[in-house]
Amino acid sequence: MASSEGRSILFVEDDLAFRSFVARSLRRAGYSVAECGSAEEAIEAIDAGLRPGLVLLDLNLPGETGWGFLRDGILSAAGSPPVLVTSALTVSPRQLADHGVAGYLPKPFALETLLDAVGRALPVTGAAR
């Protein structure tokens, strides 16, 4: 499954309708997407062997926050994939740098903006874009 690992995305978002829409759009663009509604679900997926090439992470999650997810070190077990924060919260560049975040997409964002950011962080070869 190594070939799909490089194109896989872990999307951690508690808003089911939004998560489903974005995941469907990413799949149409050629990515494999694992969806989780909480940080705890994402940790379970990684513990079960998920090794995404990229993480899309909301910060305002039920239970453990996105910041807590970043702090707990679980991503090192997943190969330390880049993280793009997708949040309605205002985030300072310093906070992003302190947590090693690759990028930030403030909600709401245009789908094309997301696809461009994902494409820069996780290029897809051979997929229609």
Side-chain angles (χ1 to χ4, degrees):
M1 188 180 234
S3 64
S4 67
E5 285 181 6
R7 302 179 339 168
S8 68
I9 297 170
L10 170 59
F11 188 23
V12 186
E13 167 63 57
D14 62 319
D15 181 326
L16 178 59
F18 177 70
R19 184 176 75 231
S20 296
F21 170 76
V22 170
R24 195 169 43 251
S25 299
L26 288 167
R27 288 182 185 112
R28 273 186 277 194
Y31 298 97
S32 170
V33 183
E35 300 175 51
C36 292
S38 69
E40 291 82 3
E41 285 181 29
I43 291 167
E44 288 176 18
I46 291 169
D47 284 344
L50 180 66
R51 299 298 178 257
L54 176 69
V55 176
L56 296 177
L57 179 65
D58 187 17
L59 296 176
N60 192 18
L61 297 167
E64 184 173 15
T65 68
W67 293 126
F69 177 76
L70 290 171
R71 276 192 300 271
D72 79 5
I74 189 69
L75 288 176
S76 63
S80 301
V83 176
L84 293 178
V85 167
T86 59
S87 182
L89 299 173
T90 301
V91 181
S92 76
R94 175 157 186 148
Q95 284 176 299
L96 298 172
D98 287 349
H99 288 86
V101 173
Y104 166 60
L105 292 171
K107 292 179 189 172
F109 49 78
L111 183 57
E112 195 60 39
T113 301
L114 173 69
L115 292 174
D116 287 345
V118 168
R120 283 192 303 277
L122 188 65
V124 174
T125 55
R129 299 272 321 252

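Being a predicted model, the structure only gives us computed values, none of them experimental.
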Between Pro52 and Ser8, which heavy-atom pair has the shortest distance, and what is it?
CA-OG, 3.1 Å
Short N-O contact, Arg120 and Asp116, less than 4.0 angstrom:
no
How long is the gap from CG on Leu54 to CG on Leu84, to the nearest 0.5 Å?
5.0 Å
Straight-line distance of Trp67 CH2 to Leu61 CG, nearest 0.5 Å:
11.5 Å
Would you mind checking if Lys107 and Asp58 are paired as a salt bridge, meaning a charged N to carboxylate O distance below 4.0 Å?
yes
Just wondering, do Leu56 and Leu26 contact through their side chains at under 4.5 Å, heavy atoms?
yes
Donor-acceptor check, side chain of Thr65 to backbone of Leu59, threshold 3.5 angstrom: yes or no?
no
Excluding sequence neighbours, so at least two apart, what forms side chain to side chain donor-acceptor pair (under 3.5 Å) with Glu41?
none
State the CD-OG distance between Glu44 and Ser38, to the nearest 0.5 angstrom.
7.5 Å
Pair Ser20, Glu35 - check side chain to side chain contact (heavy atoms under 4.5 Å, CB included), show working.
CA-CA 8 Å; Ser20 296; Glu35 300 175 51; 4.2 Å; yes
Looking only at heavy atoms, what is the nearest atom pair of Gly66 and Leu57, with distance?
O-CD2, 3.6 Å
Hey, do the aromatic rings of Phe18 and Phe109 have their centres closer than 6.0 Å?
yes
Provide the closest heavy-atom pair for Ala42 versus Phe69 in the form atom of the first, atom of the second, distance.
CB-CE1, 3.7 Å
Any sub-3.5 Å donor-acceptor pair from Arg51's side-chain atoms to Ala77's backbone N or O?
yes
Output the distance between atom CG (Leu122) and atom OG (Ser32), rounded to the nearest 0.5 Å.
10.0 Å
Are side-chain heavy atoms of Ile43 and Glu64 found at a separation under 4.5 Å?
yes
Would you say the side chain of Pro81 lies within less than 4.5 Å of the side chain of Leu75, judging by non-hydrogen atoms?
yes
